[in-house]
Trainee: 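My questions will all concern the structure given below.
These figures come from a predicted structure and were not determined experimentally. Just so it is clear, the values below take in all heavy atoms, side chains as well, and ignore hydrogens, waters and symmetry mates. Sequential numbering from 1 along the given sequence is applied to the chain's residues.
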Amino acid sequence: MAGFFKRKADSPKSVSSGQSFDENEKSSLLSSPSSFDKASYDDAKSDNGEPVTEKTPLKSAAGGKSEVHVHVDEFSALAEHDASVLREQVHVPEFNATLWTLYRYANRTDKILLTIGFLASVLSGIMRPLMTVVFGNVTQAFTNLGRNGSYNSTTYTATHKDIGYTSTYTETDNYHNSTYEYGVEGSVTEYDFNQQISMLALYFVYIGIADIIFSYIGTFIIMDRGEVLSARVREQYLKATLRQNIGYFDKLGSGEITTRISADTILVQEGMSEKISQSVTNLTTFLAALTVAFVRSYKLTFILLSVIVLIVITMMTASRYMIKYFRASLMGYSVGGTLAEEVISSVRNVQAFGAQDRLALDYDKYLAVTEKWGLKAGFALGGMIGAMWFSVYCNYSLSFWQGSRFLASGELDVNNVVSVLMAMMIGAFTSSQISPHLKQITNAIAAASKIFATIERQSAIDSSAPVGATLESVTGTIELRNVRFIYPSRPDITVLRDFSLQIPAGSTVALVGASGSGKSTIVGLIERFYKPVGGAITLDGHDIKDLNVKWLRRQISLVSQEPVLFSCSIYENVAHGLIGTKYENVSELEKRALVTDALKQANAMIFIDKLPDGLDTDVGERGFLLSGGQKQRIAIARAIVSNPKILLLDEATSALDTKSEGIVQDALDKAARNRTTIVIAHRLSTIRDASMIVVMSKGAIVEMGSHNELLDKKAEYYRLVEAQQIDKLKEEKRAMLLGQTESPVDDDEKLIEMVQLPADAAEDLKLAKTKTNASAKSISSLVLAERPPRVEERYSLWQLIVAIFKFSKPEHHWMAIGGISAFINGIGYPVTAVFYANCIAAFQQSRTDPSLMRATVDRFAGFFFMLAFVEGIAFVVTNGSLAYVAQRLVRRIRYMSFRQMLRQDIAFFDRDENSTGALTATLSRDAQSVEGLSGATLGQILNAAVNVVSGLVLAFSVAPKIAIVCAACVPVLIGCGFFRFAMQARFEEQIKKTHTKSAAQACEAAAAIRTVVSLTREDDVWNAYHEALEEQIKVSRPATNKSAILFGLSQGMAFFIMGLAFWWGSRFLRSGEYSTVQFFITFVSMIMGAQSAGIVFSFAPDMGKAQSAAANINRLMDSIPEIDTWSSEGEVLDDVQGDIEFRNVHFRYPTRPEVPVLKGLNITVKKGQYAALVGMSGCGKSTTIALIESFYRPLAGQVLIDGQDISKLEINSYRSHLAMVQQEPVLYAGSILDNVKLGSLQPDDVTEESVIEACKQANIHDFVASLPNGYDTLCGSKGILLSGGQKQRIAIARALIRKPKVLLLDEATSALDSESEKVVQAALDQAAKGRTTIAVAHRLSTIQNADVIYVFDNGVVCEVGTHQELLAKGGKYSELVQMQALEKTA
């Protein structure tokens, strides 16, 4: 995150300072120059003022490569062997996809169907060139009729002079049944003429019917197969991702994977389905038109081919640049997507530190990169389209100019000339229609390059490979022999140096030592997450690199420091531990029995039994609906349910309260019997019974022995134990305290006076037990019952158009320029109709006055050439300006959507539909869908719309009687397109739900990859994803079928109109009511208008997606949270003292309204006090912290600061006085300096000295200073490049730099080793002076000096006092202390 905060957050302040986000405010926001000013939307700058590029730290930490990224070999300083081992784990080879690559997963059935589909598309494409043959014959018939009209020489002369605008044939019987010879081909009778026209009109009908059938078959099959094959690409991408070694993920953010699987695969699908179908049809039309032209006149066709060659060269050149630029654009956004995923997944941390605007601006830097390359791609496309249309009009000019010469010389007749002209016109016209589809196809190829690069990558440690030995039996002897290890993401640091350790089968070995000493690294190496650069690791004497990876991992169960649960039920989470074991396929009843037994051993059933759905309770995304302790107990149950041979416990009980820890530790001790167990622990009470304790420091062993042996040595381990030892009260002191508290009633009264509890809470304390009274239940239930249900907002199409129009308000002048240019583009064909009709009329004089005919045609050929320049420039301006508007719009939508997401309260993120994966996919997909209907596509639609309207106006003004009949058919054509659009919009709403579900599954798996591979869940995850995609395909197929039918009808209807126009128009031409010029002006303008209407609605799928996306965006923008960080309402406290009070607070989580969490909580913490909250997991401690942070509002009661209800205060001002350190530390993919600065209220004003001071207080400075890059060292995505303890200390430094009045510590030292904990605790104790501190702690040594300790039980306080007072009382707290005491074992 290069230069998190050098760019000031001033510009978003104008956005976020508003009150409620109603329509007026939204309009104001969208129109405000300060909201989207130059600072915010010009190319983003880094700290040193340089433009942001792909070389930013986040790029390096989280992103792969692109051709715009200069590759530097970061392993060049290492020995060749070491470098090759590390390079193998992270290198992703370039992959250049082609169009054929998109279809690589087609099986025999798919190939047969695709062949039929493409053949139908080809046949559909042949229909229009066939029409030119019919058209040529009709024109010849009209010309012959015109020659008969020369029987009346006076009338003919008038016709000749006025080029047909004013002439009429008043004496119809002059040529009735008469002939006028111009050779054999020139003679025609009225009867023959009628018969000929009727027959030719029927040919148009036949062509139209054939086109309907072929268009339907081609469109349906190719769209359906596109859906199926893109699903296979998604599946293969996920499968390939899941088999990659962990080093690959250390340099790749899970947000990038989400972007690839949700957005990029949609691009691939679009490129390989309808877009390719229409491109094949257009290309076939082009080639067939050439063929027809060659057959009619090879000389004229060869001459006209020069222009076609120019079109082809233009397309090839531009498409190469478009692929290059679009690939770079995708690369830029994939990195931004990773940042978005990180931020959304840690939204509590973001809101607690008020970092929404800063992180949004940082996200915008990557949007700037995407916009930059997207603009270049758009300009390349605009240039190509302009050049193509210039060529098209030049082709018309050359066609008529050269055709008139052949006609005058008698080398060709009108039939052949017109057929060639029409064929070349249609060929040129259809070639120009390829460009918007070509953009989608090039986008698909660019996206596929990144996807297939991952699919093709050979994993350094491939869990899916069947290679490797499997042992018949495993005893569990593990040996690390001279192991040397370097993390691929940190090649400049050697973590293990010549490390050797033997772990006998069936023994329990504990690894202890400072954070970063290499303990978790050993676990990762045994699990084969990484490859060592030297030495060997053996299992029962076999090198694990020679064993099958999946088999090896199935012999091992791992419980990580930060437990990961999946978004499913508790039962399903624990049952994941049975994958790959003999119990995997047992009956549901047996599985439930095993799961229940494991949960009992893990002491989890005690809280599960209280849940309404019991084992079937959904834990939410990443288990957010459970407390840390509850999650850890379920993770332990998952590990022991399969009775593994080897158990790896990486801080397995760090998040448990003391009572749970005691019970679970007993279970783990039992589970460890007769199996090899490796325990990493900072809490030394959990490992005193270990067979051997290994003390580590800086990747080496300091000492080894049993608990007692190491205590006797009084060396490193002894000091660690001493640091954690809770002071014991002397018997005299205990007796004295007991003597003072002989009367429990007096003691309770003293406590009541101290915390100022109301009467009902005092009664609770006197009874010394939790009491859920009826009123508590009824208060919560009553409040919930009065709340109105959430109703999803619905929007009309007009509302959505207005909303998107407002989004583009800063670019309205560019839209106006684009609109004017599109208007010029649109009237091009009506003008062409006038020129064309006059040229055809002139052809009628080819026999009578060739020189006059050539003069007339030459003049109009010149007009065509002039029109070529006007239209070419207009097309460049249209597409260039609209591409600019489109890219700015996409950037703005993503930026504002991201800010609006971060504006929402935490309850918004708790809902299932707002999972991290779903929201990240929404950011990527919705803006992309809106872009799909902007730029070149929007230009095409505007052009076609103007063409339709201006064509109708011209037709009605020239020949209203012909126009009115033809126009009557146009609504049918437009109706087909409109119904297709409406149906596609509904379908997109439907498909979004299944897309969101599948994207969330993939994102969840990528984010928890270590847990997925350690459980060998790869196949399980893939199967679930496969089922979601299968459901998606089933939903899609009926909609695709209807869409294809409507598309076929809209395509064939143009031929019906054409046939009707000729048949009906011939009557007026024969009667002399309209001239040839009038007829052809009307005909060409109407037909081109009808074809344009068909083109408009060929974009119906894009329109449907855009409407669905716009509705999602609008819904998000209109969402005003209950706790609104954009609101300036509420009182601002000038001088905060730090008194915190809970008054009879009742609370239930909005997503679990049936489970009461707090049931009348009463707490008072005075200014400057250090208050500790202790109790069982799930009793409401972390919920209390969340309420103080104002993440939620209580259902009843009040949370007060300095006597003021916090719900009445201005939220940002209030939170500025707080700082929080969470149970699971959250870092972002930037430097250590950036992450510490994030805690400051004014990050731009933070000096390096203050950062260093905060880090010294958190005991992290020495470690940071020892790194080669110091404070500029990258943390990696989610801080993956640092150990748990290092992350926690940086998080503490981030909190301390804020200098808060209230410090909230939610298990702030749970991830620290004993030595660090002692130093950090001293620092926290020091930091707590002069400020109110509220700490949640399970490790009671950290809070023994607290001024007041609240013991929670079942949502209320059951004991209150100091450490010594509560020990003297001999209640629950005393029990917890006794269970955690470290004593020398007998």
Side-chain angles (χ1 to χ4, degrees), residues 463 468-479 503-511 520 522-529 537-540 542 544 547-561 563-566 572-586 590-591 593-602 604 632-653 664-681 686-687 690-691 1008 1010-1020:
S463 60
T470 58
L471 308 181
E472 288 186 12
S473 62
V474 175
T475 57
T477 301
I478 297 173
E479 184 178 1
I503 302 168
S507 64
T508 298
V509 172
L511 307 178
S520 296
I522 291 170
V523 168
L525 288 171
I526 293 171
E527 277 273 13
R528 284 213 73 195
F529 288 164
I537 303 164
T538 63
L539 172 63
D540 294 347
H542 298 81
I544 62 171
L547 300 176
N548 179 270
V549 177
K550 192 166 280 189
W551 176 88
L552 172 68
R553 288 173 180 164
R554 283 174 174 171
Q555 313 310 308
I556 302 169
S557 279
L558 169 68
V559 182
S560 299
Q561 190 170 350
V564 173
L565 300 185
F566 299 97
E572 289 169 310
N573 267 287
V574 178
H576 288 151
L578 297 172
I579 292 171
T581 70
K582 61 183 179 181
Y583 305 111
E584 182 178 5
N585 298 312
V586 298
E590 289 177 90
K591 267 192 186 177
L594 288 168
V595 167
T596 303
D597 185 54
L599 287 165
K600 283 178 180 173
Q601 289 185 56
Q632 204 149 34
R633 279 179 277 177
I634 291 170
I636 290 167
R638 181 174 63 194
I640 63 178
V641 70
S642 62
N643 196 24
K645 296 288 184 183
I646 300 166
L647 195 58
L648 305 178
L649 306 174
D650 188 355
E651 282 289 334
T653 60
V664 173
Q665 195 58 50
D666 286 341
L668 290 175
D669 290 344
K670 288 174 189 171
R673 286 176 197 156
N674 304 318
R675 67 164 56 91
T676 307
T677 307
I678 299 175
V679 184
I680 295 175
T686 62
I687 51 129
S691 314
R1010 280 172 169 74
T1011 306
V1012 169
V1013 299
S1014 67
L1015 292 168
T1016 63
R1017 268 202 73 206
E1018 297 97 326
D1019 292 341
D1020 179 51

Trainee: What pair of heavy atoms forms the shortest contact from Ala635 to Leu565, and how long is it?
Mentor: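 Closest pair (atom of Ala635, atom of Leu565, distance): N-CD2, 4.3 Å.
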Trainee: For Glu479, what residues pass the salt bridge (charged side-chain N to carboxylate O under 4.0 Å, His left out) criterion, not counting sequence neighbours?
Mentor: Arg481
Trainee: Does a side-chain heavy-atom distance below 4.5 Å link Arg638 with Leu1015?
Mentor: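 Touching, per the 4.5 Å side-chain cut-off.
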Trainee: Please round to the nearest 0.5 Å and tell me the distance separating atom CG of Leu558 and atom CZ of Arg1010.
Mentor: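 If we round to the nearest 0.5 Å, Leu558:CG and Arg1010:CZ are 10.0 Å apart.
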Trainee: Side chains of Ser520 and Asp650: donor-acceptor distance under 3.5 Å anywhere?
Mentor: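 A donor-acceptor contact under 3.5 Å links the two side chains.
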Trainee: Roughly how far apart are Ile478 CD1 and Ile522 CD1, rounded to 0.5 Å?
Mentor: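 Between atom CD1 of Ile478 and atom CD1 of Ile522 there are 11.0 Å.
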Trainee: Compare every heavy atom of Ala690 with every heavy atom of Ala510, then report the nearest pair and how far apart it is.
Mentor: CB-CB, 4.0 Å
Trainee: Starting at NE2 of His576, measure out to OG1 of Thr1011 and round the result to the nearest 0.5 Å.
Mentor: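 Reported value, rounded in 0.5 Å steps: 11.5 Å.
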Trainee: Roughly how far apart are Asn548 CG and Arg528 CZ, rounded to 0.5 Å?
Mentor: 9.5 Å
Trainee: So, for Phe529 and Ser1014, which heavy atoms are closest and what is the spacing to 0.1 Å?
Mentor: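 For Phe529 versus Ser1014, the nearest heavy atoms are CZ-CB, 4.2 Å.
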Trainee: Minimum heavy-atom separation for Lys582 to Val586, with atom names?
Mentor: O-CG1, 3.8 Å
Trainee: Return the CG to CG distance between Leu539 and Leu552, rounded to the nearest 0.5 Å.
Mentor: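 Answer rounded to 0.5 Å: 6.5 Å.
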Trainee: Which pair of heavy atoms, one from Thr470 and one from Trp551, lies closest together, and at what distance?
Mentor: CG2-CG, 3.5 Å
Trainee: Can a donor-acceptor pair be found, under 3.5 Å and without considering hydrogens, that links the side chain of Thr677 to the backbone of Thr508?
Mentor: no
Trainee: Between Thr1016 and Arg553, does any side-chain donor sit less than 3.5 Å from a side-chain acceptor?
Mentor: no
Trainee: With a 4.5 Å cut-off on side-chain heavy atoms, are Thr475 and Asp540 touching?
Mentor: yes
Trainee: Would you name the heavy atoms of Gly577 and Ser642 that are closest together and state the gap between them?
Mentor: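 Taking every non-hydrogen atom into account, O-CB, 3.2 Å.
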Trainee: Would the distance check show the side chain of Lys645 and the main-chain N or O of Thr676 forming a donor-acceptor pair, the cut-off being under 3.5 Å?
Mentor: no
Trainee: Taking salt bridge (charged side-chain N to carboxylate O under 4.0 Å, His left out) as the definition, give me every residue that meets it alongside Asp1019, ordered by chain and number, with sequence neighbours left out.
Mentor: Lys550
Trainee: Out of curiosity, Ile678 CD1 to Ile526 CD1, how far, rounded to the nearest 0.5 Å?
Mentor: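 The CD1 atom of Ile678 sits 3.5 Å away from the CD1 atom of Ile526.
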Trainee: Go through the structure and list residues passing salt bridge (charged side-chain N to carboxylate O under 4.0 Å, His left out) with Arg1017, not counting sequence neighbours.
Mentor: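 With neighbours one apart ignored, the set is Asp1020.
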